[in-house]
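In listed order, ligands and their atoms are each counted from 1.
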Amino acid sequence: MPQTQRPVGVIGVGYVGLVTAVCIAHLGHHVVCLDVDEAKIEALRAGKVPIYEPGLDALMAGARDRLSFTTSYDELCERSRVLFIAVDTPPSPSGDADLSRVERVVRDVSARDGERLLVMKSTVPVGTGDRVLAELESAGAAAIGYVSNPEFLREGAAVDDVLHPDRIVIGAYRERDGDEIQRLFAGIETTVVRTTVPTAEMIKYASNAFLATKISFINEIANVCEVVGADVRAVADGMGLDHRIGPYFLQAGIGYGGSCFPKDVQALKQLAGNSGYHFQLLNAVIEVNHLQKRRVVGKLQERLGGRLRGKHVALLGLTFKPNTDDLREAASIVLASRLRAEGARVTAYDPMVAPGSRADLFPGVEIATGALEALDGADAAILVTEWPELVALDWTVVRERMKGRHVIDGRNVLDAALVTAAGLSYDGIGTVDRTVAAGEPVTSSEAR
Ligand code: UGA
């Protein structure tokens, strides 16, 4: 039950902020959410969830009487003492995290009188807490405390990740501030890591960078598997049984995307570089991830006899992963752009992307109303995002709608036997299921 008398404030109602706010309200606390985007706040006041996140609407409806929304810092600071900061920290042109929104929040809060506790949820470079505190002190706002409480939620599973996390990390300058935040999460059963602010900040970056490294590693293993005739799925299963490795994040595919891994890996590399350390491993992780998307285009060229000009390619799925409407750094953007540059006609379908929308990200791409409509007359199809409805497609029907036969499974999730039984050819990423449909060119490695 509520430990804090005054409502908790949450600044920024994007994925992290909104899910955090709703989950804190679900735990029994009153929460005031602030965002500078008036339309978003209006929608939330009307009970509408502006993002697609499974389970969030129901949880929000259940905690409605404990949630309020505002665009006013005066109101927020009047009502709340503990303020979670969950604004975005996008990459700047140099690759460093752009902290301008965080800085703005700190300025807006410190301009208002009163004792406060800032809790940083946004992913910020190591050293940010020290800097913010020093700035606050030099501006005479010594009544503001600071805690780093990084977030580890995954989009698409965010509610569950917040309510049932693997750990809660709390880095504090003052013991009592850390205690207060730990009490706030008292309804959640998990390991609580209490540490310093810089260490908490680093735990976040190191975790994301390690997960991204795991993905690039398995993707390189997949690429080698293709050359030596091994199957990466079985390799990953075999590796994952070793408890020191674990079975997670070993799904080979067309690379990682989203608003976190690409930006955070880059930011950690940059952070190390700015301190004079050349983080070699992360360079490779980033490069492998770029190349992984381009390899799919190469594979398609091989299958379609070299040139893609005039060929029709259907992209199945556009979001960076299923169960989200997020297109940030999605592999589909790079793929669509490369295919268009090669002169291909590109159609696409995604349950979260309406026809005629997002021409900013997908110029020249025809977004269809359904998967079969996108596949109509296509020479080849690429499964880009493993949405359940796409994995469950009836491949016999797909075969009837397509002109050509090539299916590339960019996520290694399709049942190759079903695809090939329908008369289509199948290519995974690092799998041995590759089948050659009649009339297809045979590559030199296969001829050997
Ligand atoms: C990631 C982390 O998993 C969260 O712990 C973290 O809180 C979040 O970033 C963040 O920093 O805010 P998220 O970006 O939502 O979460 O998505 P993930 O489920 O981690 O997937 C990231 C990308 O990796 C996706 O493109 C996914 O398709 C890809 N991926 C994931 C693989 O290619 N292979 C895998 O085995 C796993």
Side-chain angles (χ1 to χ4, degrees), residues 12 14-20 51-54 86-91 97 120-125 149-162 164-169 201 203-222 232-233 235-237 239-240 245-268 285-286 288-290 292-293 295-296 317-335 383-387 390-391 409-413 428-430:
Y15 277 98
V16 170
L18 187 57
V19 176
T20 302
I51 51 171
Y52 175 73
E53 186 57 46
V87 293
D88 54 339
T89 52
M120 190 60 74
K121 269 271 167 225
S122 303
T123 302
V124 292
N149 172 224
E151 185 47 65
F152 300 99
L153 65 80
R154 290 160 302 165
E155 289 180 21
V159 170
D160 197 48
D161 283 350
V162 172
H164 308 282
D166 289 341
R167 77 298 209 188
I168 290 175
V169 175
E201 292 168 341
I203 289 173
K204 171 66 190 182
Y205 273 113
S207 300
N208 272 5
F210 185 76
L211 291 168
T213 302
K214 250 185 140 177
I215 298 171
S216 279
F217 180 84
I218 201 66
N219 282 337
E220 289 225 279
I221 293 289
V232 73
R233 291 166 303 185
V235 172
D237 287 349
M239 286 168 63
I245 298 173
Y248 307 108
F249 270 69
L250 290 176
Q251 179 79 25
I254 49 179
Y256 59 78
S259 62
C260 303
F261 286 169
K263 145 179 100 71
D264 292 351
V265 176
Q266 185 66 37
L268 179 54
V285 169
I286 293 166
V288 169
N289 198 51
H290 283 314
Q292 204 63 9
K293 294 164 198 136
R295 277 179 66 87
V296 175
L318 293 171
T319 53
F320 88 94
K321 66 174 189 178
N323 294 322
T324 178
D325 54 0
D326 201 338
L327 289 160
R328 284 177 288 178
E329 298 283 335
S332 60
I333 301 171
V334 176
L335 273 178
L383 181 85
V384 182
T385 316
E386 65 277 35
W387 282 99
L390 299 175
V391 178
D409 179 1
R411 297 292 174 185
N412 282 358
V413 288
I429 310 291

Side-chain donor/acceptor of N149 to backbone N/O of V169, under 3.5 Å: yes
Check: Q251 and N412 side chains under 4.5 Å, non-hydrogen atoms: yes
Over all atoms of both residues, closest heavy-atom pair of G253 and N219: N-OD1, 2.8 Å
D264 heavy atom under 4.0 Å from ligand 1: yes
Check: K321 side chain, E155 main-chain N or O, donor-acceptor pair, under 3.5 Å: yes
L153, portion touching ligand 1 at heavy-atom distance under 4.0 Å: backbone
Of the listed options F320, Y15, F261, Y256, closest to atom 2 (C) of ligand 1 (non-hydrogen atoms): F261
For the student: nearest non-hydrogen atoms of F152 and D161, plus distance: O-OD2, 4.3 Å
Aromatic ring pairing F249/F261, orientation class (parallel under 30°, perpendicular over 60°, tilted between): perpendicular
Region of E155 engaging ligand 1 - heavy atom pairs below 4.0 Å: both
K204 touching ligand 1 at heavy-atom level, < 4.0 angstrom: yes
Nearest neighbour in protein (non-hydrogen) for atom 17 (O) of ligand 1: K321 NZ, 3.1 Å
Spacing of I254 atom CD1 and L383 atom CG [to the nearest 0.5 Å]: 8.0 Å
Protein heavy atom at shortest distance from atom 20 (O) of ligand 1: F249 CZ, 3.3 Å
Side chain, backbone, both or neither: the part of R411 lying under 4.0 Å from ligand 1 by heavy atom: side chain
Distance from atom 26 (O) of ligand 1 to nearest protein heavy atom, with residue and atom: G257 N, 3.0 Å
Gap between atom OG1 of T385 and atom CZ of R411 - 0.5 Å precision: 6.0 Å
Ligand 1 contacted by G253 (non-hydrogen, < 4.0 Å): no
Taking atom 30 (N) of ligand 1 as the reference point, the nearest protein heavy atom with its distance: I215 CD1, 3.4 Å
Region of Y248 that comes within reach of ligand 1 [heavy atoms, distance under 4.0 Å]: neither
Nearest heavy atoms of P150 and K121, plus distance in Å: O-NZ, 3.8 Å
Test item: side-chain donor near acceptor, T324 and Y15, under 3.5 Å: yes
Minimum heavy-atom distance A86-G17, with the two atoms named: CB-CA, 3.5 Å
Sub-4.0 Å atoms of ligand 1 with respect to non-hydrogen atoms of E151: 7 (O)
Atom 3 (O) of ligand 1: the protein heavy-atom neighbour that sits closest, reported with distance to 0.1 Å: R154 CG, 3.3 Å
Nearest-contact summary for atom 36 (O) of ligand 1 - protein heavy atom, Å: Q251 N, 2.9 Å
Shortest protein heavy-atom distance from atom 12 (O) of ligand 1, along with the residue and atom involved: C260 SG, 2.7 Å
Taking atom 5 (O) of ligand 1 as the reference point, the nearest protein heavy atom with its distance: F152 O, 2.7 Å
